[in-house]
**Student:** 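Before I ask anything, here is the structure I am working with.
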Amino acid sequence: MGEYVIGDIHGEIEALKTIINKINYDSTEDKLIFLGDYIDRGSDSYQVYRYIKKLDNGSNIFIRGNHEEMMIDAVLNKNNKGLWYHNGGRATERSFPNYSELEEAANFLILYLINIQMRIIYLFMPVFDLI
């Protein structure tokens with residue numbers, strides 16, 4: 001069984017498919033852990049959204065990133081749309097066939113992706129040779 005961590009897809013469906021193929025992903029044996037930022041910047045956010053929904057088999061983990069948070073805020077809360085656009089949201093909006101599917105995706109992001117704040121601390125422990 002392999003465990004693979006994938007992050008920062010940013011609307012690049014072909015890059016995501018390439019990664020999945022290179023690791024020879026087997027949904028019955030492997031676990032995927034996605035760190036968010038599925039959308040924005042790239043031109044295929046809609047296709048990425050559809051693809052990750054298909055990968056949701058109950059054992060893979062999908063964490064919501066800051067780009068998903070911005071989309072939810074802009075699309076569902078009608079708030080900070082300029083911030084979302086500044087961070088690639090316009091490309092995401094254009095990739096969706098219509099606004100209702102964009103709203104559906106935002107709702108999916110709220111309900112099905114884990115919202116956690118991770119704090120990673122790197123500790124430097126000097127190693128001394130004792131003679």
Side-chain angles (χ1 to χ4, degrees):
M1 175 181 165
E3 292 185 342
Y4 303 95
V5 178
I6 302 170
D8 294 288
I9 300 161
H10 288 294
E12 299 291 343
I13 189 64
E14 291 308 316
L16 176 57
K17 287 181 177 180
T18 298
I19 290 168
I20 298 298
N21 288 332
K22 279 192 179 227
I23 63 173
N24 294 315
Y25 172 66
D26 180 342
S27 63
T28 62
E29 293 185 18
D30 298 329
K31 182 178 205 167
L32 301 174
I33 303 165
F34 287 92
L35 299 180
D37 292 354
Y38 312 94
I39 60 167
D40 295 345
R41 298 186 183 143
S43 61
D44 295 316
S45 291
Y46 177 67
Q47 295 302 322
V48 169
Y49 156 70
R50 291 175 48 112
Y51 191 76
I52 65 166
K53 279 180 68 173
K54 290 179 187 174
L55 291 173
D56 188 6
N57 62 6
S59 65
N60 293 330
I61 297 172
F62 300 89
I63 297 171
R64 192 164 64 221
N66 65 314
H67 286 266
E68 289 78 40
E69 291 291 336
M70 285 184 279
M71 177 184 169
I72 291 165
D73 197 30
V75 174
L76 298 181
N77 301 332
K78 312 292 187 228
N79 193 23
N80 292 322
K81 200 167 205 171
L83 176 64
W84 183 47
Y85 280 176
H86 179 73
N87 285 283
R90 202 175 301 275
T92 296
E93 193 173 65
R94 280 193 299 265
S95 76
F96 276 75
N98 56 57
Y99 201 79
S100 66
E101 290 213 39
L102 186 67
E103 290 175 320
E104 180 183 312
N107 279 306
F108 170 80
L109 296 173
I110 287 176
L111 297 174
Y112 295 100
L113 300 187
I114 300 168
N115 181 19
I116 64 171
Q117 291 187 354
M118 296 176 60
R119 306 243 190 271
I120 300 172
I121 300 170
Y122 294 94
L123 298 177
F124 176 72
M125 300 286 292
V127 178
F128 299 99
D129 289 329
L130 297 175
I131 300 176

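On a predicted model such as this, the values are computed, not experimentally measured, just so you know.
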**Student:** Once rounded to the nearest 0.5 Å, what's the spacing between atom CD1 of Ile52 and atom CZ of Phe34?
**Tutor:**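 Ile52 CD1 to Phe34 CZ: 7.0 Å, rounded to 0.5 Å.
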**Student:** Kindly give the heavy-atom pair with the smallest separation between Phe62 and Asp56, and that separation in Å.
**Tutor:**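 Reported closest heavy-atom pair: CE1-CA, 3.8 Å.
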**Student:** With a cut-off of 3.5 Å and sequence neighbours excluded, list every side-chain donor-acceptor pair involving residues 99-108.
**Tutor:**
{"unit_1": "Ser100", "atom_1": "OG", "unit_2": "Asn98", "atom_2": "OD1", "d": "2.8"}
{"unit_1": "Glu101", "atom_1": "OE1", "unit_2": "Tyr46", "atom_2": "OH", "d": "2.7"}
{"unit_1": "Asn107", "atom_1": "ND2", "unit_2": "Glu103", "atom_2": "O", "d": "3.1"}

**Student:** With Tyr51, which residues qualify under side chain to side chain donor-acceptor pair (under 3.5 Å), at least two apart?
**Tutor:**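 So Tyr51 forms no side chain to side chain donor-acceptor pair (under 3.5 Å) with any residue.
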**Student:** Return a table of donor-acceptor pairs under 3.5 angstrom between the side chains of residues 9-17 and protein atoms on other chains or two or more places apart.
**Tutor:**
{"unit_1": "His10", "atom_1": "ND1", "unit_2": "Ile39", "atom_2": "O", "d": "3.2"}
{"unit_1": "His10", "atom_1": "NE2", "unit_2": "Asp8", "atom_2": "OD1", "d": "3.2"}
{"unit_1": "His10", "atom_1": "NE2", "unit_2": "Arg41", "atom_2": "NH1", "d": "3.4"}

**Student:** Spell out, as yes or no, whether a donor-acceptor pair under 3.5 Å connects the side chain of Arg64 to the backbone of Ile110.
**Tutor:**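 Yes; judged by distance alone, with no hydrogens or angles, the pair exists.
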**Student:** State, yes or no, whether a side-chain contact exists between His67 and Tyr38 at a heavy-atom distance under 4.5 Å.
**Tutor:**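 Of all side-chain heavy-atom pairs linking Tyr38 with His67, none is under 4.5 Å.
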**Student:** What do the steps show when you test Phe96 against Val75 for side chain to side chain contact (heavy atoms under 4.5 Å, CB included), and what is the final call?
**Tutor:** CA-CA 13 Å; Phe96 276 75; Val75 174; over 6 Å; no
**Student:** If I take atom CE from residue Met70 and atom CG from residue Asn87, how far apart are they, to the nearest 0.5 angstrom?
**Tutor:**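 One gets 4.0 Å once the value is rounded to the nearest 0.5 Å.
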**Student:** Distance from Tyr4 atom OH to Asp30 atom CG, nearest 0.5 Å?
**Tutor:**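 These two atoms lie 5.0 Å from each other.
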**Student:** Please enumerate all residues that pass side chain to side chain donor-acceptor pair (under 3.5 Å) together with Ser59, with sequence neighbours excluded.
**Tutor:**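 So Ser59 forms a side chain to side chain donor-acceptor pair (under 3.5 Å) with Asn57.
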**Student:** For residues 80-93, pull every pair meeting salt bridge (charged side-chain N to carboxylate O under 4.0 Å, His left out), keeping only residues two or more places apart or in separate chains.
**Tutor:**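 Matches after skipping sequence neighbours: Lys81-Glu93.
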**Student:** Applying side chain to side chain contact (heavy atoms under 4.5 Å, CB included), name anything that partners Glu3, two or more places apart in sequence or on another chain.
**Tutor:**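 Residues passing side chain to side chain contact (heavy atoms under 4.5 Å, CB included) with Glu3: Met1, Lys31.
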**Student:** Could you tell me the separation between the CG atom of Asn66 and the CG atom of Asp37, rounded to the nearest 0.5 Å?
**Tutor:**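 Reported to 0.5 Å precision, the distance equals 4.5 Å.
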**Student:** Can you list everything that forms a side chain to side chain donor-acceptor pair (under 3.5 Å) with Asn80? Sequence neighbours excluded, please.
**Tutor:**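 Residues passing side chain to side chain donor-acceptor pair (under 3.5 Å) with Asn80: Asp73.
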**Student:** With Ser45, which residues qualify under side chain to side chain donor-acceptor pair (under 3.5 Å), at least two apart?
**Tutor:**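 In terms of side chain to side chain donor-acceptor pair (under 3.5 Å), with neighbours along the sequence ignored, Ser45 is linked to Thr92.
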**Student:** Identify which one of Ile20, Thr18, Ile19 satisfies the side-chain contact (heavy atoms from CB on, under 4.5 Å) criterion when paired with Lys22.
**Tutor:**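 Among Ile20, Thr18, Ile19, the one that satisfies the side-chain contact (heavy atoms from CB on, under 4.5 Å) with Lys22 is Thr18.
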**Student:** Tell me whether the count of non-hydrogen atoms from other residues, nucleotides or ligands lying under 6.0 Å of NZ in Lys78 goes above 12.
**Tutor:**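 Counting neighbours around NZ of Lys78, more than 12 heavy atoms of other residues, nucleotides or ligands fall under 6.0 Å, so yes.
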